[in-house]
Amino acid sequence: MKRKNLVNGIVLAFSVIFIRFLDVHVYDMNLLFTLLLIVVLIAGLMKLVDRFPSLDKPVGKRAAMITNITVVLVIFIAFFALGL
């Protein structure tokens with residue numbers, strides 16, 4: 001697995017948490033606008049990630065598993081702690 005794949009997973013999690021936080025606590029957005037904003041944010045951040053050649057290096061299985069577990073835990077904690 002490449003580092004780029006791990007970073008893309010982090011981008012997905014960050015985007016969903018950030019947009020959901022804005023939707024719940026800052027401004028109540030329309031569902032279609034929210035989905036469009038999530039897609040634009042994810043696409044933009046993934047394009048940015050593609051520009052870093054250092055992320056093409058491989059990652060070990062243990063590091064990938066720890067990163068994935070951490071991302072999932074952060075999603076659950078964010079949704080419960082922030083009331084999303």
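We use all heavy atoms of the structure for the numbers below, so side chains are in, but hydrogens, waters and symmetry mates are not.
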Expected list for residues 51-77: side-chain donor-acceptor pairs under 3.5 angstrom, two or more places apart:
| residue | atom | partner | partner atom | Å |
| --- | --- | --- | --- | --- |
| Asp56 | OD1 | Lys4 | NZ | 2.9 |
| Thr67 | OG1 | Ala63 | O | 2.7 |
| Asn68 | ND2 | Ala64 | O | 3.2 |
| Thr70 | OG1 | Ile66 | O | 2.7 |

* **Close side-chain approach of Phe21 to Val16, heavy-atom, < 4.5 Å** => no
* **Partner residues of Phe18 under the ring pair (Phe, Tyr, Trp, His ring centres under 6.0 Å) criterion, sequence neighbours left out** => Phe14
Cluster question for you: counting only ILVMFWY and a side-chain heavy-atom cut-off of under 4.5 Å, with indirect links fine, are [X] and [Y] together?
{"X": "Tyr27", "Y": "Ile19", "result": "yes"}
{"X": "Val11", "Y": "Leu22", "result": "yes"}
{"X": "Val26", "Y": "Leu37", "result": "yes"}

* Going by the salt bridge (Lys or Arg N to Asp or Glu O under 4.0 Å) test, which pairs reach into residues 21-42, not counting sequence neighbours? -> Arg20-Asp23
* **Residue list, side-chain contact (heavy atoms from CB on, under 4.5 Å) with Ile42, at least two apart or on another chain** => Leu12, Ser15, Ile38, Met46
* To do: Quick one: pull up CE in Met29 and CG in Leu36 and give me the separation to the nearest 0.5 Å.
  => 10.5 Å
